[in-house]
Amino acid sequence: MSIRHGLLALLERGPRYGSRLRTEFESRTGSTWPLNVGQVYTTLSRLERDGMVVQDGSDDAGHDLYTITDDGRAELRSWFETPVDRTSPPRDELAIKLAMAVGAPGVDIRDVIQSQRHHTLKAMQDYTRLKAQALADVPANRDEVAWLLVVEQLIFQAEAEARWLDHCESRLVRLAEAAATEPAAAPGPATVRGPARTPAGRTRSQR
C-alpha cells in the first residue's frame with residue numbers, strides 16, 4: 001500500500017493538514033489500513049523534500065496546510081497509469097508458515113490449515129456483512145464508493161485464500177495416499193554360500 005501516493009491523491013482535491021489527511025484516508029479505505037498522525041507527517045516531510053508538496057499557509061485554526069506541486073501531480077498520474085508490480089510479490093506470512101510446517105517435527109500441517117481456514121471464513125463473513133451494510137443505501141459519495149471497492153477486494157481475497165487452503169489440503173491427502181501405496185523396497189540378492197569346508201579342503205559331506 002502506498003501511503004505516499006494516497007496522500008498525493010487527497011491533496012489533489014485541495015490543501016489539507018496532517019490530521020485531516022489521516023481522517024480522509026481512513027474514510028476512503030474504511031479504516032482497513034489505519035494510519036497514525038506520525039506516519040502522515042513523516043510522509044509529508046519526505047514528499048516536501050522530494051518537491052511533491054509544499055507547505056502553503058495555514059487555516060483559521062492554525063493548522064499548517066500542504067499543497068500538491070506540479071511534480072506531485074506528475075508522480076500521481078504516473079502511479080495511476082502504471083500497473084501494480086506483481087513480479088516481486090510481498091512476503092506472505094501464511095504461505096511461509098505452511099511451507100515451513102511441511103515436515104516440521106511435532107507439527108500437524110492439517111491442523112494449521114484447519115485453523116487458518118476457520119479464521120479466513122470468519123473474516124470473509126465479516127466483510128460480507130460490511131458490504132451488505134454499505135449496499136443498504138445507494139452509495140452517496142465518492143468515499144462510500146471507494147470503501148465499497150475496498151471491502152469487495154477483501155472479500156475476493158478471502159475467497160481466494162480459502163480456495164488455496166482447500167487445494168493445499170487436497171494436495172497433502174494425495175501425497176499421503178501416494179506414499180502409502182508405494183511398494184516396499186525389493187530385498188537385495190541373497191548371498192549364496194557353498195558347502196562348508198574343513199581346513200583340509202574337504203567338505204563335511206565328503207567326510
Side-chain angles (χ1 to χ4, degrees), residues 1-96 119-120 122-162 164:
M1 179 192 60
S2 178
I3 298 173
R4 172 187 178 94
H5 294 101
L7 297 185
L8 286 175
L10 293 172
L11 286 171
E12 193 175 34
R13 298 169 61 181
R16 301 283 193 278
Y17 55 89
S19 57
R20 180 178 174 183
L21 284 168
R22 182 193 65 174
T23 299
E24 291 187 4
F25 185 95
E26 292 185 349
S27 175
R28 185 69 67 91
T29 61
S31 298
T32 303
W33 302 284
L35 297 178
N36 60 55
V37 172
Q39 284 178 289
V40 172
Y41 279 106
T42 297
T43 304
L44 287 172
S45 294
R46 292 172 180 167
L47 288 170
E48 186 175 22
R49 177 200 63 194
D50 296 339
M52 306 289 180
V53 305
V54 293
Q55 289 193 42
D56 186 19
S58 58
D59 63 8
D60 294 339
H63 299 115
D64 293 331
L65 297 174
Y66 290 83
T67 301
I68 190 170
T69 65
D70 289 341
D71 286 344
R73 289 189 179 89
E75 173 71 14
L76 184 60
R77 295 278 79 73
S78 175
W79 182 57
F80 283 136
E81 294 168 0
T82 305
V84 175
D85 184 16
R86 299 300 187 192
T87 59
S88 299
R91 294 183 184 90
D92 184 280
E93 182 178 357
L94 178 56
I96 294 172
H119 174 81
T120 300
K122 183 179 183 305
M124 186 165 59
Q125 292 168 356
D126 292 341
Y127 297 145
T128 302
R129 280 194 292 269
L130 289 174
K131 177 182 176 180
Q133 292 171 7
L135 290 175
D137 298 313
V138 177
N141 56 57
R142 71 180 77 187
D143 286 348
E144 291 180 1
V145 173
W147 162 232
L148 184 59
L149 294 178
V150 169
V151 75
E152 287 176 334
Q153 190 271 344
L154 294 173
I155 292 170
F156 291 142
Q157 190 175 53
E159 289 176 343
E161 184 170 283
W164 178 65

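These numbers come from the heavy atoms of this one structure, side chains and all, not from hydrogens, waters or symmetry mates.
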With a 3.5 Å distance limit and no angle check, can you tell me whether [X] reaches the backbone of [Y] through a side-chain donor-acceptor pair?
X: Tyr66; Y: Leu11; result: no
X: Ser27; Y: Thr23; result: no
X: Glu144; Y: Ala134; result: no
X: Gln39; Y: Asn36; result: yes
X: Asp50; Y: Met52; result: no

Please give me the minimum heavy-atom distance between [X] and [Y], naming the atom from each residue.
X: Leu76; Y: His5; answer: CD1-O, 3.7 Å
X: Glu26; Y: Pro34; answer: OE2-CA, 3.4 Å
X: Ala95; Y: Trp164; answer: CA-CH2, 3.8 Å
X: Glu12; Y: Ile68; answer: CA-CG2, 4.0 Å
X: Tyr127; Y: Val151; answer: O-CG2, 3.5 Å
X: Tyr41; Y: Gly18; answer: OH-N, 3.1 Å

Please check if atom [atom1] in [X] has more than 12 non-hydrogen atoms from other residues, nucleotides or ligands closer than 6.0 Å.
X: Arg77; atom1: CZ; value: yes
X: Arg13; atom1: CZ; value: yes
X: Asp70; atom1: CG; value: no

Quick check for you: to the nearest 0.5 Å, what is the distance between [X] atom [atom1] and [Y] atom [atom2]?
X: Gln153; Y: Phe156; atom1: CD; atom2: CZ; result: 9.5 Å
X: Asp85; Y: Thr87; atom1: CG; atom2: OG1; result: 3.0 Å
X: Trp147; Y: Thr29; atom1: CH2; atom2: OG1; result: 8.0 Å
X: Leu47; Y: Arg4; atom1: CG; atom2: CZ; result: 5.0 Å
X: Tyr17; Y: Arg22; atom1: OH; atom2: CZ; result: 10.5 Å
X: Leu10; Y: Phe25; atom1: CG; atom2: CZ; result: 7.5 Å

Report the C-alpha separation of Arg46 and Thr42 in whole Å, then their side-chain angles, then the decisive distance to 0.1 Å, and conclude whether the side-chain contact (heavy atoms from CB on, under 4.5 Å) test is met.
CA-CA 6 Å; Arg46 292 172 180 167; Thr42 297; 3.8 Å; yes

Run the ring pair (Phe, Tyr, Trp, His ring centres under 6.0 Å) test against His119 and tell me which residues pass, sequence neighbours left out.
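Scan of His119 (ring pair (Phe, Tyr, Trp, His ring centres under 6.0 Å), adjacent residues dropped) gives none.
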
Could you check whether any side-chain heavy atom of Glu159 comes within less than 4.5 Å of a side-chain heavy atom of Ile155, counting everything from C-beta outward?
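In contact.
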
Any side-chain heavy atom of His63 sitting closer than 4.5 Å to one from Arg16?
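SC-SC contact between His63 and Arg16 ruled out.
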
Basic-acidic side-chain contact under 4.0 Å: Arg20, Glu24:
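Judged by the 4.0 Å cut-off on N to carboxylate O distance, Arg20 and Glu24 do form a salt bridge.
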
Partner of Pro15 under side-chain contact (heavy atoms from CB on, under 4.5 Å), chosen from Thr67, Val54, Asp64, Asp59
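That would be Thr67; it is the only one of Thr67, Val54, Asp64, Asp59 passing the side-chain contact (heavy atoms from CB on, under 4.5 Å) with Pro15.
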
Please name the residue in the list Thr69, Thr43, Ile3, Val53 that meets the side-chain contact (heavy atoms from CB on, under 4.5 Å) test with Leu8.
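The passing option is Val53.
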
